[in-house]
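Residue numbers start at 1 and run along the sequence shown.
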Amino acid sequence: MKSFCYRLAGVLLLAGLVFLSVESPSRASTAFGTYLGQFSTVAAYSNGPDYTYFSGISNTVNGYYTGVKWQCVEFIRRYYYTVFNTQFASGSAGDAGTWYGSASALGLTQYQNALTTTAPQVGDILCSTTHVAIIKRVTANRVYTAQQNVNNDSSDLDRALTLTKSVDGKYTISGGPGTIQGWLRKSVAS
């Protein structure tokens, strides 16, 4: 009986290791610089196995500095340059946590999470205290984002967040990395 128990324990341990090895790749991020997909013709790339990795490598598009490869801010700057032909002045916003407060300097309109009656829309920049992303799709109860440097896999191109509308018509987005401050929109000239 003792021999059988050891064999059974060995089989279960082996099965557990096989299960872990099958599960791990789907949760593992990809190598730095790996193409993850695109949204509105703008490619997203992996920042590597650790979202805190800082390569220090500058990226430019047609001479315009978009940021440090492959940080979330770099994706936003490259997206706005490519889709809206908008260049943000150097120093107008630094790391992700400063974008929401820099709306005016960026020429963007600010909508505060949970306090605005203006719904988020495609192309808005979703800002949290630690991250920025592009809103790519909005449904009645979800906001989907495209970004770099969250999971560093293809899920970064279609991340779902919760959208609620209060009885007084105010919109709240929840579920992102950091505390969501609100969203920014390219100002339309009148």
Side-chain angles (χ1 to χ4, degrees), residues 16-84 86-103 106 108 113 120 122-137 142-162 173-184:
L17 290 174
V18 169
F19 176 75
L20 286 174
S21 69
V22 168
E23 289 298 312
S24 295
S26 66
R27 298 189 56 95
S29 60
T30 55
F32 178 81
T34 300
Y35 171 79
L36 302 176
Q38 65 182 23
F39 172 61
S40 292
T41 73
V42 180
Y45 299 93
S46 172
N47 190 49
D50 181 359
Y51 74 92
T52 64
Y53 177 67
F54 185 80
S55 70
I57 303 168
S58 295
N59 195 45
T60 60
V61 176
N62 299 326
Y64 167 62
Y65 173 74
T66 57
V68 175
K69 292 180 176 180
W70 299 115
Q71 299 289 310
C72 61
V73 167
E74 190 279 334
F75 181 77
I76 301 306
R77 292 172 66 92
R78 191 162 32 90
Y79 179 89
Y80 262 66
Y81 177 74
T82 303
V83 174
F84 296 117
T86 298
Q87 294 183 20
F88 298 118
S90 286
S92 57
D95 67 19
T98 67
W99 275 66
Y100 188 74
S102 300
L106 294 166
L108 302 171
N113 198 32
V122 174
D124 287 352
I125 302 169
L126 183 65
C127 300
S128 84
T129 53
T130 61
H131 186 65
V132 286
I134 296 293
I135 295 176
K136 68 177 276 189
R137 187 169 75 248
R142 294 274 188 264
V143 168
Y144 295 85
T145 59
Q147 65 257 304
Q148 291 176 156
N149 201 23
V150 174
N151 292 328
N152 290 304
D153 61 25
S154 62
S155 70
D156 281 352
L157 275 281
D158 202 33
R159 186 176 177 90
L161 305 173
T162 302
I173 300 173
S174 57
T179 301
I180 296 176
Q181 299 167 302
W183 46 99
L184 306 177

key: Worked verdict on Y100 versus N113 for side chain to side chain contact (heavy atoms under 4.5 Å, CB included)   = CA-CA 11 Å; Y100 188 74; N113 198 32; over 6 Å; no
request  = Check the pair N151 / R159 against side chain to side chain contact (heavy atoms under 4.5 Å, CB included), numbers first and verdict last.
outcome  = CA-CA 10 Å; N151 292 328; R159 186 176 177 90; 3.6 Å; yes
inquiry  = Is there a side chain to side chain contact (heavy atoms under 4.5 Å, CB included) between N59 and W70? Walk through the geometry before answering.
reply    = CA-CA 8 Å; N59 195 45; W70 299 115; 3.7 Å; yes
query = Can you list the steps and then say if Y45 with T34 is a side chain to side chain contact (heavy atoms under 4.5 Å, CB included)?
reply = CA-CA 5 Å; Y45 299 93; T34 300; over 6 Å; no
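The closest donor-acceptor contact from the side chain of E74 to the backbone of S58 lies at 3.5 Å or more, if one exists at all. In terms of modelled atom types and a separation under 3.5 Å, the side chain of T129 and the main chain of T179 share a donor-acceptor contact.
Scanning all heavy atoms of the two residues, the minimum distance from R142 to A160 falls at CD-CB, 4.1 Å. Of all heavy-atom pairs spanning S128 and P177, the tightest one is OG-O, 2.7 Å. Residues I180 and G176 approach most closely at CD1-N, 3.9 Å, considering heavy atoms. What you find for V143 and P120 is that their closest heavy atoms are CG2-CG, 4.0 Å. A pairwise comparison of heavy atoms in C72 and A96 identifies SG-CB, 3.8 Å as the closest pair. Taking every heavy atom of both residues into account, S92 and L106 meet most closely at OG-CD2, 3.2 Å.
Here CD of Q38 is found 11.5 Å from OH of Y79. Values are rounded to the nearest 0.5 Å. Here Q71 contributes atom CD and Y53 contributes atom OH; the two are 10.0 Å apart, rounded to the nearest 0.5 Å. With rounding to the nearest 0.5 angstrom, the OG1 atom of T82 is 12.5 Å from the CZ atom of F39. Distance CD1/I173 to OG1/T162: 10.0 Å, rounded to 0.5 Å. For the atom pair I76 CD1 and Q148 CD, the distance stands at 8.5 Å (nearest 0.5 Å). Here OH of Y81 is found 10.5 Å from OG1 of T86. Values are rounded to the nearest 0.5 Å.
When each of V61, T60, V73, V83 is tested with R78 by the rule side chain to side chain contact (heavy atoms under 4.5 Å, CB included), just one qualifies, namely V61. Of the residues listed (N149, D153, T30), the one engaging S46 in a side chain to side chain donor-acceptor pair (under 3.5 Å) is T30, and it is the only one. The side chain to side chain contact (heavy atoms under 4.5 Å, CB included) test with T145 is passed by exactly one of D158, D124, L126: L126.
Using cut-offs of 30° and 60° on the angle between ring planes, the pair Y80 and F88 is tilted.
Residues W99 and Q181 are not in side-chain contact: their nearest non-hydrogen atoms beyond the backbone lie 4.5 Å or more apart. Side-chain contact between V68 and S55 is present, with at least one heavy-atom pair separated by less than 4.5 Å.
Cation-pi geometry between R137 and Y144 is met: the NZ or CZ atom falls under 6.0 Å from the ring centre, inside 45° of the normal.
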